[in-house]
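Take a look at the structure set out below.
Everything numeric in this text was worked out from a predicted model, so none of it was measured. Order of the sequence lines fixes the chain letters, A, B, ..., with proteins taken first and strands second; residue numbering starts at 1 for each chain.
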Amino acid sequence: MPFSINETMGQYSELFMLLAAGTYTVAFIAFAWDLAKSSKTLRAVDLKAAQLSGAEPARVPVGAGVGASSAVDRSEGAVSGPAGRAERPSSSAAASGAGVTADGGMRYGSERRAPARVAVALTVLGAAIHAAGVITRALGAGRVPWGNMYEFLTTGAFVAVAVFLLVLIRRDLRFLGTFVVGLAIVMLVAASVAYWTPVGHLVPALQSYWLIIHVSIAVLSSALFTLTFAMSALQLVQSHRQKTTAAGGADNLGFMRLVPNALSLENLSYRINAIAFVGWTFTLMFGAIWAEKAWGRFWGWDTKEVWTFVIWVVYAGYLHARATRGWTGTRAAWLSIVGYLCVVFNFTIVNQFFNGLHSYSGL
Amino acid sequence: MSERVNEEKTTPTPGTPRTGPGPGSGPAEGAVAAAKAEAVLPSLGPLGMLRWAWTQLTSMRTALFLLLLLAVAAVPGSLFPQRPANPAVVTQYIKDHPDYGKILDSLQLYDVYSSAWFSAIYILLFISLIGCVVPRAIVHYRAMRSQPPRTPARLSRLPEYGTLVVPADAGIPASRAIDDAAALLKKRGYRVEVRDRDGARPSLGAERGLFKEVGNLVFHTALIGVLVSVAAGGLFGYSGQRILVEGDTFVNTLVGYDQFTPGTNFQSSQLEPYSIQLNKFQITFDRESKGKFGQPIDFKADVTTKENPGAPAQQQTLKVNDPISLGGTSVYLTGNGYAPVVTVRDGAGNVAMQGPVVAKLQGDNYYSSVVIKVPDAKPDQLAFAGFFLPTAFITPEGVSFSGDPELFNPQLTLNSYYGDLGLNDGAPQNVFELDVKKLTPLNARNLPTKGIVLTPGTTHTLPDGKGTITFDGVKRYVGVDIHHNPGQGYALFFALVAVAGLVTSLYVNRRRAWVRTGTHPDGRTMVEYGLLARGEDHRLAGEAAAIRALLSAAWPLEEVEGSQPVPSAPEDNDRADAGTRTGAGPDTADSAAPDFIQSTAGSPESKKEQ
Ligand code: HEM
């Protein structure tokens with residue numbers, strides 16, 4: 001017999017969600033401001049790089065052009081020793097057009113970016129409030145907070161932001177801030193406006209520990225796919241821009257200087273996609289095991305199963321593309337984008353408009 | 001991955017003898033093979049054609065294409081109703097769309113996952129998979145048994161390269177230095193081979209992470225296992241449904257099922273004659289939350305099971321998400337509802353029918369339809385059709401609805417008919433539907449007799465002395481699904497193996513390292529090392545640094561030039577190019593690179609070692 005419902009907790013949760021959305025909105029503005037200021041900031045970096053390389057020309061790595069990235073590289077290498085060279089793509093960043101892009105290794109540079117710092121701080125604050133919202137929701141319902149669309153959206157948005165912040169600890173992905181925080185805002189608003197559901201019990205079909213395992217991994221993988229989607233999209237823009245500038249064209253996407261070069265984006269998104277793909281494989285498997293427990297067959301081509309399979313195959317295709325001549329780079333990025341569109345489609349359209357066994361997801 | 005990119009270059013051309021991705025198959029060889037292939041092209045015989053087709057089919061590009069095609073082909077199955085899931089919906093869909101419903105059917109769009117085109121795609125994909133895995137397995141087996149690759153002439157061409165200098169007074173000659181390096185790399189998990197230890201320029205080749213490829217091969221092979229297990233389940237399994245009213249007993253024999261779907265190779269002797277009796281079925285409804293008030297939150301069926309007719313009875317609980325295992329099958333709780341108990345007496349006053357009637361769910365709060373057929377009634381057969389409402393409400397407009405799922409005000413509202421039920425000719429009929437074409441209405445809302453409204457314990461007398469109907473009470477029923485799938489255990493096993501292979505393949509890094517030592521004319525021992533990754537490896541530089549640190553710690557060092565910068569060739573954004581370059585590393589002689597161990601002149605011994 002399930003735990004009893006605590007409506008007050010539920011109301012607190014909704015308040016927290018609202019506050020979180022508000023905080024994210026301010027963070028979003030700060031991230032956008034950071035991007036807008038980027039040309040200016042990077043010009044400063046360029047200038048400094050030129051001075052630095054002028055002072056100690058002997059230490060400029062062979063082949064690394066004079067530019068923002070090499071400057072950042074070296075200041076980095078000084079701290080971490082030879083390991084700093086792990087960021088090999090950065091040297092190619094410079095080669096692909098002197099000083100056009102941010103550090104390819106996506107390490108934090110020495111340049112202070114005040115708006116970006118404010119934005120990250122606000123995002124952390126928003127995430128803390130958001131976490132409180134998710135936790136009170138769980139306490140109010142006495143179960144995991146992912147049993148209907150409202151909860152998928154609110155919890156999913158939290159996981160996306162949390163994963164982003166976790167990655168930020170090691171890599172400077174602040175250029176993705178507007179995207180991730182913006183997405184979180186959209187999800188929170190959609191949850192509250194279109195899918196609002198009061199705290200309640202789970203329908204019996206969802207009462208299983210497989211709900212905890214299966215859905216949590218699915219949400220986590222989706223959050224990772226979200227990051228790689230943004231990176232792949234930027235990769236396409238960046239690669240276009242790199243081609244233009246390399247051919248001597250004008251650089252009219254100044255804010256893209258804040259974004260690492262296309263190859264670095266591709267490499268990092270590959271690594272994240274590889275993790276997410278394993279996660280999705282587990283999602284698929286655990287889903288099948290649960291389906292066997294709940295419905296007596298582990299695979300029945302239910303709409304939701306179909307789309308989970310399609311997503312898995314598309315990302316398998318992506319991993320293959322990375323090893324296939326002529327399919328790396330831009331084409332692989334497109335596959336990563338298509339894969340993510342399938343994830344979004346699976347979550348929105350399939351949950352709502354396709355009826356299958358999963359359609360009890362509780363709108 | 002660089003390597004696969006190389007291999008790709010050699011394979012797609014017609015007539016190419018498979019050079020395979022063996023160690024040392026560089027782009028130079030690839031180019032030669034491609035050139036040769038070009039020359040062979042005009043004289044492509046039937047065998048050549050076959051080989052060409054096979055090479056095409058097993059190329060990475062084809063695998064990618066088939067994978068994407070598979071993804072696309074799976075989609076229509078979610079857009080159109082599927083026969084295996086629900087044949088009735090498909091029939092209805094075709095009726096509703098007379099313009100294209102039939103066309104879709106001829107394209108097998110209602111049976112996507114067993115369609116010729118879907119099958120063709122995945123069968124081709126798996127043939128390609130086998131054609132891909134087998135040669136790679138052979139190549140890799142050889143690679144695992146052979147020594148690490150020869151030391152390249154120019155280590156400085158490798159993506160990670162560095163140099164160390166041991167002072168002359170340290171007493172570490174080149175041979176000792178190479179031994180130290182070998183011991184150290186062995187400890188780090190490398191397979192190491194020392195070459196020309198006592199020569200002028202001893203070197204070593206080392207390799208680790210051979211399990212990466214093993215993982216990849218295991219992953220792909222296990223996918224075949226999953227496919228075969230699924231197919232086997234379809235061949236040897238069976239499934240069926242049965243509705244059980246409280247008090248009913250199901251015996252696992254063919255007649256025991258309401259519906260039965262055997263696998264292709266099913267034999268009825270496979271059925272073990274266990275039995276399940278439904279004693280009681282309980283539902284808990286949500287009485288707390290506003291939005292979901294009255295939603296069921298817990299189902300619980302108390303059953304008595306027997307493994308076989310002679311076995312002792314066991315009390316068990318059957319719940320959603322919690323099937324019972326019996327006689328090699330799993331029994332699932334998949335549906336439930338109310339079964340009003342009625343007694344029908346015919347015109348002669350005899351009981352023509354008595355018992356529970358399964359009411360089929362139609363709307364909210366267990367608003368259900370009821371069909372009662374009484375073929376034994378005399379002189380005329382009788383039939384009733386209408387609705388059962390656990391908590392009946394009637395709006396002022398006369399529309400009835402059920403206000404609650406529980407039995408607060410149970411009500412049966414029925415029309416009655418007499419005539420020929422058409423059951424005597426033996427044609428199967430749906431028990432939940434009544435064909436009234438050959439029947440004459442007795443009670444109906446639009447007749448002067450009006451419809452029948454019954455509450456528990458009440459009796460209605462039919463007009464014209466046709467008989468009576470009594471509503472005795474209400475029982476609950478459950479729908480159970482019974483499945484036997486001998487393949488699923490294997491499918492799970494192979495899926496787990498696949499995941500293990502996948503993780504190994506993605507996270508084990510395959511690396512090669514070479515160290516070369518030599519003595520400088522002034523007596524210092526010069527050491528150079530280089531590393532090369534095979535496949536994606538973002539930690540190669542870290543590994544180089546770690547090895548450097550270990551070597552430095554082993555010897556008292558004199559830092560002359562510090563760590564040498566990475567190779568000078570700029571990489572551009574074209575992955576394939578970058579890959580080719582990296583792959584080319586060990587085999588490409590590059591006259592531009594200076595010789596680090598100067599004055600130990602002479603041709604690089606790596607050539608001799610071949
Ligand atoms: C059932 C279809 C297939 C699926 C789902 C699949 C899936 C995958 C996945 C997920 C990976 C990346 C993980 C890993 O490296 O182990 C991979 C890698 C690979 N697959 Fe497949 N694959 C399929 C068919 C094939 C076929 C037909 C071939 C041969 C033409 C092939 C050749 C390869 C190769 C060479 C790699 C290694 C790529 C690298 O080094 O990064 N696969 N596959």
Nearest heavy-atom approach of B:Tyr490 to B:Ser229 is CB-OG, 3.3 Å
Taking A:Ser269 for its side chain and A:Leu265 for its backbone only, find out whether a donor-acceptor pair lies under 3.5 Å.
yes
Go through the atoms of A:Trp210 and report whether side chain, backbone, both or neither lie under 4.5 Å from a heavy atom of chain B.
neither
Identify which part of A:Leu268 has an atom lying under 4.5 Å from any heavy atom of chain B, answering side chain, backbone, both or neither.
neither
Shorter than 4.5 Å, heavy atoms on both sides: which option in B:Val499, B:Asp322, B:Val331 has the most such pairs with chain A?
B:Val499
Which of parallel (below 30°), tilted (30 to 60°) and perpendicular (above 60°) describes B:His220 and A:His320?
tilted
To the nearest 0.5 angstrom, please state how far the OH atom of B:Tyr238 sits from the CG atom of B:Asn485.
11.0 Å
Give, as side chain, backbone, both or neither, the part of A:Thr281 having an atom under 4.5 angstrom from any heavy atom of chain B.
side chain
If I measure from the heavy atoms of chain A, does B:Phe65 come under 4.5 Å with its side chain, its backbone, both, or neither?
neither
Under 4.5 Å, counting heavy-atom pairs only, tell me which of B:Val320, B:Leu67, B:Asn321 racks up the most with chain A.
B:Asn321
Given that the side chain runs from C-beta out, which part of A:Leu335 has a heavy atom under 4.5 Å from chain B: side chain, backbone, both or neither?
side chain
Once you round to the nearest 0.5 Å, how far does CG of B:Leu223 lie from CG of B:Leu129?
6.5 Å
Residue selection (most heavy-atom pairs with chain B, distance under 4.5 Å) from A:Ala332, A:Ala294, A:Gly10:
A:Ala294
Can you see which heavy atom on A:Glu305 is nearest to which on A:Ala291, and at what distance?
OE2-CB, 3.9 Å
Identify which of A:Thr330, A:Val338, A:Val278 forms the greatest number of heavy-atom pairs closer than 4.5 Å to chain B.
A:Val278
Please report the interatomic distance CG(A:Asn148) to OH(A:Tyr195), rounded to the nearest 0.5 Å.
11.5 Å
Measure B:Leu66 against the heavy atoms of chain A and call it side chain, backbone, both or neither at under 4.5 Å.
neither
Considering only heavy atoms, which portion of B:Gln82 lies under 4.5 Å from any heavy atom of chain A: side chain, backbone, both, or neither?
neither
Scan side-chain atoms only and decide if A:Arg322 and A:Asn273 contain a donor-acceptor pair under the 3.5 Å cut-off.
no
Count the heavy-atom pairs under 4.5 Å between each of A:Trp312, A:Phe309, A:Trp301 and chain B, then report the option with the highest count.
A:Trp301
Which one, B:Leu540, B:Val75, B:Val72, leads in non-hydrogen pairs under 4.5 Å with chain A?
B:Val75
Look only at the side chain of A:Lys293 and the backbone of B:Pro323, and say whether a donor-acceptor pair between them is shorter than 3.5 Å.
no
Side chain / backbone / both / neither for B:Ala498 at chain A, heavy atoms under 4.5 Å
neither
Residue from A:Tyr318, A:Phe277, A:Tyr270 scoring the most non-hydrogen pairs under 4.5 Å with chain B is A:Tyr270
Take the angle between the ring planes of B:Tyr110 and B:Phe80 and call it parallel below 30°, perpendicular above 60°, tilted in between.
perpendicular
